[in-house]
Chemist: 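Would you mind keeping the following structure in view while I ask a few things?
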Number of protein chains: 2
Amino acid sequence: MIRRIPSARERGIPDATVARLPVYLRALNGLAERGTATVSSEDLALAAGVNSAKLRKDLSHLGSYGTRGVGYDVQYLIYQISRELGLTQDWAVAIVGVGNLGRALANYGGFVSRGFRVAGLLDADPGVVGDRIAGLVVEHIDGLESVILNRGVSIVVIATPAAAAQQVADRVIAAGVTSILNFAPVVLTVPDGVDVRKVDLSIELQILAFHEQRKVTGGAMLPEDWAGEVG
Amino acid sequence: MIRRIPSARERGIPDATVARLPVYLRALNGLAERGTATVSSEDLALAAGVNSAKLRKDLSHLGSYGTRGVGYDVQYLIYQISRELGLTQDWAVAIVGVGNLGRALANYGGFVSRGFRVAGLLDADPGVVGDRIAGLVVEHIDGLESVILNRGVSIVVIATPAAAAQQVADRVIAAGVTSILNFAPVVLTVPDGVDVRKVDLSIELQILAFHEQRKVTGGAMLPEDWAGEVG
DNA sequence: GTCCCCTTGTGAACGGATGCACAAAGTGGG
DNA sequence: CCCACTTTGTGCATCCGTTCACAAGGGGAC
Ligand SMILES: NC(=O)c1ccc[n+]([C@@H]2O[C@H](COP(=O)([O-])OP(=O)(O)OC[C@H]3O[C@@H](n4cnc5c(N)ncnc54)[C@H](O)[C@@H]3O)[C@@H](O)[C@H]2O)c1
Ligand SMILES: NC(=O)c1ccc[n+]([C@@H]2O[C@H](COP(=O)([O-])OP(=O)(O)OC[C@H]3O[C@@H](n4cnc5c(N)ncnc54)[C@H](O)[C@@H]3O)[C@@H](O)[C@H]2O)c1
């Protein structure tokens with residue numbers, strides 16, 4: 001029986017937990033700003049919009065940072081989660097594609113406040129190159145590799161049209177980047193070891209539309225009645 | 001006591017499947033543009049970046065629309081998925097908060113092309129109200145309820161600062177809206193029956209940072225930890 | 001020091017999602 | 001008409017995530 005041992009994740013934190021840690025962090029920062037020193041899993045879960053047992057299990061993956069009978073020290077937990085997420089260091093981010101969306105992202109203040117620093121803005125359009133946005137000058141896409149290497153960029157945000165996204169991804173990966181946040185509505189093909197996360201407005205709207213349609217038709221008529229009605 | 005079913009499945013389509021249908025649809029549209037008439041689950045799965053068994057199981061939830069030995073008719077499948085997602089009808093969307101992000105969204109062409117129509121832009125800032133963006137005039141937030149009711153808005157996009165988001169949500173829900181797409185970095189509290197989806201740049205970056213840190217520090221890293229996760 | 005109360009951390013049951021593997025079903029060639 | 005080939009649709013085993021429920025542990029009152 002050469003079956004992989006279940007304990008495969010060394011110090012492994014489940015993906016679902018990782019995805020929630022930023023939410024907890026945000027809630028904790030809110031509490032800290034209001035001067036709260038300690039918080040129970042119940043209260044923190046409420047602020048984060050999750051079940052308290054889930055919250056406790058999530059935090060238990062980081063270690064035993066709570067005090068039974070009391071709760072969690074807000075500042076200490078902020079520090080532990082930040083460290084776990086890698087936010088105690090500074091991440092250089094480059095934004096490729098400085099159109100409507102790229103400009104909004106470049107101007108977004110929430111970036112800097114959390115350990116992320118926009119280190120470069122790149123675009124292919126000569127009419128855009130040279131523009132000054134949020135204190136940075138847009139550079140030509142030809143300099144992509146040198147921007148990445150010289151400024152220690154480790155995360156790239158792609159905000160180009162869909163047609164250009166794969167090509168941009170290939171180049172930044174070749175330059176050593178292994179973390180990509182993709183806004184273009186296209187499935188990127190990347191080698192193993194490269195992390196791609198996507199933000200897709202269109203998909204989110206379609207999911208909402210699906211549920212919305214259910215609500216409308218749900219009470220009124222049977223879903224089967226719709227089959228073959230349109231077209 | 002009759003308890004309301006939490007969500008999603010009326011005719012029983014799993015949430016995970018619903019979230020992938022838009023991806024399949026996009027891949028199918030790409031194939032259709034290139035003149036492909038039929039496609040196998042293997043090829044479509046490749047284009048959508050998923051496992052072919054998963055794709056077949058997903059499609060089986062809609063019905064039996066494939067032909068064994070042949071594959072799926074591209075046009076027919078596009079129609080069936082569109083219908084299932086509710087894209088054969090027109091959805092009126094209002095965008096609340098017309099700042100950097102709200103403008104980018106308003107200018108986004110991908111909106112209209114898929115059954116969604118921007119029916120209103122609203123903002124609280126008198127300096128912004130009256131601006132013309134993508135053919136629409138920004139209206140004052142005071143008119144929120146009348147815009148929703150008079151134009152049949154059923155989906156609201158919130159792109160205000162975090163501090164205003166809950167208040168905006170409360171108002172649109174009171175006006176009858178049950179589908180919200182939230183860009184503000186805050187957990188919205190809503191009653192049962194209201195669907196909220198969020199897009200959070202900051203969270204996505206923090207998740208990337210987590211994995212990136214693992215790569216850098218991790219001699220103790222296992223392949224499972226960085227397997228690409230394109231949804 | 002002792003006891004009571006509170007909250008954490010986790011074992012265990014459950015349910016949903018994934019992917020393998022194959023029978024069922026349809027096509028086309030001879 | 002039959003057979004070989006292709007691909008769908010799905011039963012099943014497994015894995016991952018969620019939630020309940022409670023024992024274990026710590027704090028504070030007296
Ligand atoms: N605007 C939105 O709200 C929104 C919403 C969801 C998704 N998106 C997606 O985000 C992407 C950007 O949207 P946008 O509205 O900003 O588009 P845009 O056309 O305004 O901007 C795209 C920019 O990318 C640049 N570009 C093109 N090819 C390039 C290349 N090879 N290298 C570098 N830069 C290149 C263009 O010069 C342009 O400045 C698109 O894929 C779009 O589908 C946008
Ligand atoms: N810009 C980005 O790339 C980006 C990225 C991620 C998240 N966000 C979030 O999206 C939201 C908007 O970001 P932004 O950069 O466009 O901010 P912004 O400040 O440029 O725009 C916010 C707009 O909302 C309006 N507003 C304020 N209160 C309002 C109210 N009660 N009702 C209606 N309108 C109101 C303001 O007048 C302003 O025009 C913020 O919550 C931000 O954190 C933005």
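In this text the structure is predicted, and so the values were computed from the model without any measurement. Throughout, a chain's letter reflects where its sequence line sits, starting with A, and its residues are numbered from 1.
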Chemist: Do B/Thr88 and B/Arg83 have a side chain donor and acceptor closer than 3.5 Å?
Modeler: no
Chemist: Any Lys/Arg nitrogen of A/Arg214 or B/Glu84 sitting under 4.0 Å from an Asp/Glu carboxylate oxygen of the other?
Modeler: yes
Chemist: Looking only at the side chain of A/Val70 (C-beta and beyond, no hydrogens), which of the listed nucleotides D/dG27, C/dG9, C/dT7 gets closest?
Modeler: D/dG27
Chemist: With heavy atoms under 4.0 Å as the rule, sort A/Ser64 into base, sugar-phosphate or nothing.
Modeler: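 The residue A/Ser64 makes sugar-phosphate contact but no base contact.
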Chemist: Could you please name the option among D/dG17, C/dG9, C/dT8 that lies closest to any side-chain atom of A/Pro14?
Modeler: D/dG17
Chemist: Is it true that B/Asp15 and B/Arg20 have a side-chain N and a carboxylate O under 4.0 angstrom from each other?
Modeler: no
Chemist: I need the CG-P distance between B/Leu59 and D/dT8, as an integer number of Å.
Modeler: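 Going from B/Leu59 (CG) to D/dT8 (P), I get 9 Å.
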Chemist: Could you tell me whether the side chains of B/Gln80 and B/Tyr76 share a donor-acceptor contact shorter than 3.5 Å?
Modeler: yes
Chemist: B/Arg68 side chain: which of C/dT27, C/dA23, C/dC22 is closest?
Modeler: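 The answer is C/dA23, which lies nearest to the side chain.
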Chemist: Report the distance from atom CG of A/Leu55 to atom P of C/dT10, rounded to the nearest whole Å.
Modeler: 14 Å
Chemist: Tell me: CD of B/Glu42 to P of D/dT8, nearest whole Å?
Modeler: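 So the two atoms are 8 Å apart, to the nearest Å.
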Chemist: Would you indicate which nucleotide in C/dC22, D/dG17, D/dT19 comes nearest to any side-chain atom of B/Arg56?
Modeler: C/dC22
Chemist: Specify the separation, in whole Å, of atom CD of A/Gln80 and atom P of C/dT8.
Modeler: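 Taking CD of A/Gln80 and P of C/dT8, I get 16 Å after rounding.
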Chemist: Short question: side chain of B/Lys198, backbone of B/Pro185 - any donor-acceptor pair under 3.5 Å?
Modeler: no
Chemist: Are side-chain N/O atoms of A/Glu212 and B/Ser179 paired as donor and acceptor at under 3.5 Å?
Modeler: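 There is such a pair between these side chains.
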Chemist: Choose from D/dC20, D/dG27, D/dT10 the nucleotide whose nearest atom is closest to any side-chain atom of A/Ala53.
Modeler: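 Out of D/dC20, D/dG27, D/dT10, the nucleotide with an atom closest to A/Ala53's side chain is D/dC20.
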Chemist: For a quick test of reading the model: is some side-chain N or O of A/Lys57 closer than 4.0 Å to OP1 or OP2 of C/dT10?
Modeler: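 Checking C/dT10 against A/Lys57, no side-chain N or O comes under 4.0 Å of OP1 or OP2.
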Chemist: Check the side chains of B/Asp58 and B/Tyr24 for a donor-acceptor pair under 3.5 angstrom, ignoring hydrogens and angles.
Modeler: yes
Chemist: So, OP1 or OP2 of D/dT6: does either fall under 4.0 Å of a side-chain N or O from B/Tyr72?
Modeler: no
Chemist: In whole angstrom, give the distance that lies between atom CD1 of B/Ile13 and atom C1' of C/dA17.
Modeler: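 Going from B/Ile13 (CD1) to C/dA17 (C1'), I get 15 Å.
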Chemist: Tell me the interatomic distance from A/Tyr65, atom OH, to C/dT7, atom C1', rounded to whole angstroms.
Modeler: 19 Å
Chemist: How far does the helix from C/dG1-D/dC30 to C/dG30-D/dC1 bend, going by the axes of its first and last five pairs, to the nearest 10°?
Modeler: 10°
Chemist: Output yes when at least one side-chain N/O atom of B/Ser40 is less than 4.0 Å from OP1 or OP2 of D/dT7, else no.
Modeler: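 Negative; the distance criterion is not met.
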Chemist: To the nearest angstrom, how far is B/Asp58 atom CG from D/dT10 atom P?
Modeler: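 Value for this atom pair: 13 Å.
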Chemist: Whether A/Thr67 contacts D/dG26 is assessed here as follows: a side-chain N or O lying under 4.0 Å from the phosphate OP1 or OP2. Is that the case?
Modeler: no
Chemist: State which residue, out of B/Leu44, B/Thr38, B/Asp43, fulfils the side-chain contact (heavy atoms from CB on, under 4.5 Å) condition with B/Ser40.
Modeler: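 Result: among B/Leu44, B/Thr38, B/Asp43, B/Asp43 is the only option passing the side-chain contact (heavy atoms from CB on, under 4.5 Å) with B/Ser40.
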Chemist: Does OP1 or OP2 of D/dG17 have a side-chain N or O of A/Asn51 closer than 4.0 Å?
Modeler: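 False: A/Asn51 side-chain N/O out of range (4.0 Å or more) of D/dG17 OP1/OP2.
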Chemist: Rounded to the nearest angstrom, tell me the gap between atom NE2 in B/His61 and atom C1' in D/dT10.
Modeler: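 Interatomic distance, NE2 of B/His61 to C1' of D/dT10: 10 Å.
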Chemist: Counting side-chain heavy atoms from CB outward, which of D/dT18, C/dT27, C/dT18 is closest to B/Lys54?
Modeler: C/dT18
